[in-house]
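What follows is a short report on a single structure.
The figures that follow rest on heavy atoms only: side chains count, while hydrogens, waters and symmetry mates do not. Please read all numbers here as calculations on a predicted model, not as lab measurements.
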Amino acid sequence: MEADDRPTEPGTRSPETSGETSGAPDGSSGETGSADEPQPPPDPTRDVTAQPAPAEPSFLSDLQPVGGFGNDRRAGAAELPGGSYVDSVIFSPRYFGSDDLDLTYNVPAGAKRFHATVGPDMDTEDGFKVLFQVSGAAVESFTLSPGQTREVDEKLNGAGRITLRIVVTGEPPDAVNASCRAVWGNARFA
């Protein structure tokens, strides 16, 4: 077998290039050969597929919605039973007389999950009932009263957008404007 016909193992140089190389990273002479020349097989121990870096948490309070009725929404700290949530999205559905509000957000690249603690805030009057709904890859909804919270942990499954929706489904007979605040506590993509 002549030197030109010897197969090369991955990670080794052929006999004709075992001396000085021209600086090509694969140890070759740097010259291009013909497509008919045998090429070494790929190294099975090296994963060349680029994996996206894990997404840093992106709080919705730092993001601008891309759709929905944002007039009754504010971002900031909110009190729910069990503690304070400093990076929250807060809806005040009675502020402009609208009982059905939604906001849509683009999902940041690399995000795999959506997390939040939801519920009416500590100042919401008894008698209110609020439906919380998140939709993206799936739809999940539940109705909460003052003093109740719920953890939301949704897989995004490649969804490009999610929509947060609240609907006031019950209110006390003496309800006044802005007396109900629906909180998406520390709502974030991760």
Side-chain angles (χ1 to χ4, degrees), residues 25 42-124 128-169 177-190:
D43 183 353
T45 62
R46 185 171 168 231
D47 183 13
V48 292
T49 56
Q51 298 294 324
E56 292 292 319
S58 297
F59 288 97
L60 272 60
S61 59
D62 296 332
L63 303 174
Q64 290 298 313
V66 295
F69 186 65
N71 291 341
D72 290 343
R73 167 227 176 242
R74 72 175 177 86
E79 289 289 326
L80 291 173
S84 180
Y85 296 83
V86 296
D87 292 304
S88 300
V89 174
I90 305 154
F91 289 92
S92 299
R94 301 295 300 161
Y95 187 70
F96 289 113
S98 175
D99 294 337
D100 182 354
L101 302 172
D102 63 353
L103 289 175
T104 300
Y105 292 87
N106 286 328
V107 175
K112 304 285 185 213
R113 303 188 82 79
F114 171 75
H115 303 278
T117 302
V118 301
D121 80 350
M122 296 295 289
D123 294 327
T124 296
F128 275 101
K129 291 187 185 303
V130 181
L131 173 94
F132 290 82
Q133 183 179 62
V134 59
S135 59
V139 176
E140 182 177 349
S141 61
F142 33 86
T143 302
L144 301 172
S145 298
Q148 296 177 317
T149 60
R150 172 99 181 241
E151 294 296 319
V152 176
D153 181 18
E154 291 292 316
K155 288 182 182 177
L156 296 171
N157 295 329
R161 291 185 173 178
I162 66 161
T163 299
L164 307 181
R165 182 176 190 190
I166 63 104
V167 180
V168 175
T169 59
N177 285 344
S179 59
C180 176
R181 283 170 293 285
V183 176
W184 294 84
N186 289 351
R188 65 201 177 277
F189 294 110

Kindly compute the distance separating [atom1] ([X]) from [atom2] ([Y]), expressed to the nearest 0.5 Å.
{"X": "Phe114", "Y": "Arg188", "atom1": "CZ", "atom2": "CZ", "result": "9.0 Å"}
{"X": "Tyr105", "Y": "Leu164", "atom1": "OH", "atom2": "CG", "result": "6.0 Å"}
{"X": "Thr117", "Y": "Arg150", "atom1": "OG1", "atom2": "CZ", "result": "11.5 Å"}
{"X": "Leu103", "Y": "Gln64", "atom1": "CG", "atom2": "CD", "result": "10.0 Å"}
{"X": "Leu144", "Y": "Thr169", "atom1": "CG", "atom2": "OG1", "result": "9.5 Å"}

_I'd like to know if the side chain of Asp87 reaches the main chain of Leu60, judged simply by a donor and an acceptor atom lying under 3.5 Å from each other, with no hydrogens or angles considered._
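No, the answer is negative, given that no donor and acceptor are paired below the 3.5 Å cut-off.
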
- Task: Keeping the roles fixed (side chain from Thr143, backbone from Leu131), state whether a donor-acceptor pair exists under 3.5 Å.
- Result: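 No; zero donor-acceptor contacts below 3.5 Å.
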
Taking the side chain as every heavy atom from C-beta outward, state whether [X] and [Y] have any pair of such atoms under 4.5 Å apart.
{"X": "Leu156", "Y": "Lys112", "answer": "no"}
{"X": "Asp121", "Y": "Ile90", "answer": "no"}
{"X": "Thr149", "Y": "Tyr85", "answer": "no"}
{"X": "Pro65", "Y": "Thr104", "answer": "no"}
{"X": "Leu63", "Y": "Phe189", "answer": "yes"}

Quiz prompt | Evaluation steps, side chain to side chain contact (heavy atoms under 4.5 Å, CB included), between Arg181 and Asp123 | solution = CA-CA 8 Å; Arg181 283 170 293 285; Asp123 294 327; 2.9 Å; yes

What are the two closest heavy atoms between [X] and [Y], and how far apart are they?
{"X": "Ala111", "Y": "Val107", "result": "CB-CG1, 3.8 Å"}
{"X": "Gly136", "Y": "Ala159", "result": "C-CB, 3.9 Å"}
{"X": "Ser61", "Y": "Ser88", "result": "CB-O, 3.7 Å"}
{"X": "Pro81", "Y": "Gln148", "result": "CG-N, 4.4 Å"}
{"X": "Val86", "Y": "Asn186", "result": "N-OD1, 3.2 Å"}
{"X": "Pro120", "Y": "Val130", "result": "CG-CG2, 4.4 Å"}

- prompt: Do the ring planes of Phe132 and Trp184 sit parallel (below 30°), tilted (30 to 60°) or perpendicular (above 60°)?
  reply: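 It falls in the perpendicular class, over 60°.
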
